[in-house]
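Atom set for the values below is all heavy atoms of this structure, side chains included, hydrogens, waters and symmetry mates excluded.
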Amino acid sequence: MTDGRSPLWRGHNVFRMVTFLWACFWVVLQFHDYRRPWLALVVIVLMGLWTVFTVWRYWTRAGRTNRMVLLDCVVVSVLFLSNEFILSDAQMLNNYPSVVTVWHPTMVTAAASQWGMFGGLSTGIIAAASNYLIRGYSDPAMSLDTLLLVGTGLVLGLASDTARKSTERLARALRAEAATAERERLARSIHDSVLQVLARVRRRGAELGGEAAELAKLAGEQEIALRALVATTAQETTLDGETDLAARLQVLRTGRIHVSIPGNPVRLPEPLSTDLFAVVQEALANFDKHAGSDAQAWVLLEELPEEVVLTARDDGPGIPDGRLAEAAAEGRLGVAKSIRGRVKSMGGTITLDTAPGEGTEWEIRVPRPGPTKRRRGGKR
């Protein structure tokens with residue numbers, strides 16, 4: 001999609017061409033007063049060539065690389081500093097325009113467009129320092145030049161940062177819209193084919209009984225899981241690097257696994273969301289392996305002001321005393337590493353409530369990262 005900073009680059013290109021023509025006018029006007037007129041001619045020719053080259057490079061997004069902008073700033077600075085050998089003492093002391101003159105700030109507009117406020121401020125300071133370096137004095141006109149250079153860098157940099165963020169938001173919105181449209185198309189196709197077949201197998205198998213009833217049960221579980229999958233919103237990471245844990249957990253829903261989530265999105269930093277999802281998956285993997293085919297499991301997600309609480313519970317046979325320690329001693333570290341180890345690395349706490357014949361319940365509490373603690377009740 002189109003880069004939101006493209007209008008800034010077009011403005012920069014126009015500014016560079018106009019200021020080059022202005023510099024040519026002053027070179028013609030002062031040509032015979034320069035200390036080295038031939039060097040002024042060389043500089044103005046190089047300025048013209050560099051203007052044509054950079055306008056061509058900056059015309060497309062592919063040409064606006066960090067290396068190109070950095071080289072641009074170096075070239076403009078070197079050409080500006082060459083005024084030390086061109087301007088006469090009288091021109092220096094009376095603040096006559098240099099050979100480069102107002103073409104000099106184009107390095108600031110390029111850096112601000114590419115790197116935002118930081119780049120604009122930095123190059124503005126460098127450009128102002130170069131001006132003081134060759135002049136060797138300070139007066140109100142020099143102070144005004146400094147203010148304009150730094151101010152231009154800040155203002156254009158802010159506009160560039162805003163345009164970049166807007167472009168990223170729009171790109172995310174377009175990707176989400178495209179993903180949603182594709183998901184809806186697939187959902188219609190699946191509903192008209194796979195889901196209808198599974199529903200028919202489930203009903204017919206239940207009528208026939210016997211082994212067919214077992215197949216009907218499996219078909220019913222797959223039907224529920226597939227419906228949950230096509231109903232889940234496509235996941236996108238926000239500009240803050242957050243994802244919706246609630247939406248992720250929905251895909252775990254089957255005929256034996258019941259998922260309860262808040263009505264609003266539960267946005268967490270992507271690594272934290274991924275680790276919590278992996279913990280729940282590991283707990284459900286143990287449930288599937290040890291609880292038996294008739295057991296049921298429940299996953300509950302709660303969003304509190306200062307923490308997120310995840311509960312994974314089942315009505316299986318439970319875990320006998322000492323069984324987890326025995327498994328760890330045998331080198332089977334699924335619970336120790338994949339569940340308890342992950343929760344500890346997140347700075348959270350985990351509680352196991354189990355007894356023979358009374359099922360298993362894991363309760364995981366993980367504190368929210370600092371910036372998100374301002375949220376209350378799931379609202380910003």
Salt-bridge test for Asp353 and Arg313: reply yes if a basic N is under 4.0 Å from a carboxylate O, no otherwise. no
May I ask you to check whether over 12 heavy atoms, not counting those of Phe85, lie within 6.0 Å of atom CZ? no
Do the non-hydrogen side-chain atoms of Asn95 and Arg135 ever get within less than 4.5 Å of each other? yes
Start with the C-alpha distance between Thr54 and Arg16, add both sets of side-chain angles, then the distance that settles side-chain contact (heavy atoms from CB on, under 4.5 Å), and finish with yes or no. CA-CA 9 Å; Thr54 54; Arg16 175 157 283 184; 3.0 Å; yes
Partners passing ring-ring contact (aromatic ring centres under 6.0 Å, His included) against Trp298 (at least two apart in sequence or in another chain): His258
Side-chain touch Ser138/Ser143, heavy atoms, less than 4.5 angstrom: yes
Where do Tyr58 and Asp72 land on the side-chain hydrogen bond (donor to acceptor under 3.5 Å, both in side chains) test, with the steps shown first? CA-CA 11 Å; Tyr58 293 152; Asp72 188 8; 2.9 Å; yes
Please say yes or no: joined through hydrophobic side-chain contacts below 4.5 Å, possibly via intermediate residues, are Trp9 and Trp56 part of one cluster? yes
Would you please test Gln114 and Leu70 for side-chain contact (heavy atoms from CB on, under 4.5 Å) and show each step? CA-CA 10 Å; Gln114 180 72 4; Leu70 180 60; over 6 Å; no
Check: Trp115 ring centre within less than 6.0 Å of Phe118 ring centre: no
For Thr65 and Arg57, run side-chain contact (heavy atoms from CB on, under 4.5 Å): C-alpha distance rounded to whole Å, both residues' side-chain angles, the deciding distance at 0.1 Å, then the answer. CA-CA 9 Å; Thr65 62; Arg57 282 298 301 265; 4.1 Å; yes
Counting only heavy atoms from other residues, nucleotides and ligands, does the tally under 6.0 Å from CE of Met142 exceed 12? yes
Residues Glu302, Arg365: salt bridge by 4.0 Å N-O rule: no
Answer yes if Leu21 and Val55 sit in the same cluster of Ile, Leu, Val, Met, Phe, Trp and Tyr residues linked by side chain heavy atoms under 4.5 Å apart, and no otherwise. no
Check whether any side-chain heavy atom of Leu301 sits under 4.5 Å from a side-chain heavy atom of Val308, and report yes or no. yes
Report yes if the side chains of Leu148 and Pro105 come closer than 4.5 Å at any heavy-atom pair, otherwise no. no
Could you tell me whether the side chain of Asp315 and the main chain of Gln296 form a donor-acceptor pair under 3.5 Å? yes
Please answer whether the main-chain N or O of Gly119 pairs with a side-chain N or O of Ser122 as donor and acceptor at a distance below 3.5 Å. no
Nearest heavy-atom contact between Ala112 and Gly157 is CB-N, 3.6 Å
Minimal non-hydrogen separation, Ala283 against Ala312, with atom names: CB-CB, 4.3 Å
Describe, in one word, how the ring planes of Phe53 and Trp50 are oriented to each other, choosing from parallel (under 30°), tilted (30 to 60°) and perpendicular (over 60°). tilted
For Arg64 and Trp59, what are the C-alpha separation, side-chain angles and deciding distance, and is it a side-chain contact (heavy atoms from CB on, under 4.5 Å)? CA-CA 8 Å; Arg64 304 164 195 161; Trp59 197 258; over 6 Å; no
Heavy-atom distance under 4.5 Å between the side chains of Trp362 and Leu310, does that happen here? no
Taking all non-hydrogen atoms of both residues, which atom of Arg35 and which atom of Leu87 are closest, and how far apart? NH2-O, 3.3 Å
If we count only N and O atoms by modelled type, under 3.5 Å, do the side chains of Thr109 and His12 hold a donor and an acceptor together? yes
A quick test of your reading: do over 12 heavy atoms of other residues, nucleotides or ligands sit less than 6.0 Å from OH of Tyr96? no
Going by heavy atoms in the side chains, are Ile364 and Val366 under 4.5 Å from each other? yes
Name each donor-acceptor pair under 3.5 Å that joins a side chain in residues 73-82 to protein atoms two or more places apart or in another chain, with its distance.
{"from": "Ser77", "atom 1": "OG", "to": "Cys73", "atom 2": "O", "distance (Å)": "2.8"}
{"from": "Ser82", "atom 1": "OG", "to": "Leu79", "atom 2": "O", "distance (Å)": "2.4"}

Validation row: Trp22, Thr101 side chains within 4.5 angstrom (heavy atoms): yes
Evaluate the side-chain hydrogen bond (donor to acceptor under 3.5 Å, both in side chains) criterion for residues Ser273 and Thr243: first the C-alpha distance (whole Å), next the side-chain angles of each, then the deciding distance (0.1 Å), finally the verdict. CA-CA 7 Å; Ser273 180; Thr243 55; 3.3 Å; yes
Run the numbers on Thr274 and Glu270 for side-chain hydrogen bond (donor to acceptor under 3.5 Å, both in side chains), then give the verdict. CA-CA 6 Å; Thr274 298; Glu270 199 280 333; 2.6 Å; yes
Less than 4.5 Å apart, any side-chain heavy atom of Thr106 and any of Phe15? yes
Side-chain donor-acceptor pair present, Trp103, Thr51, cut-off under 3.5 Å: yes
Could you give me the CA-CA distance, side-chain angles and deciding distance for Asn83 and Gln91, then say whether side-chain hydrogen bond (donor to acceptor under 3.5 Å, both in side chains) is met? CA-CA 10 Å; Asn83 285 283; Gln91 289 172 321; over 6 Å; no
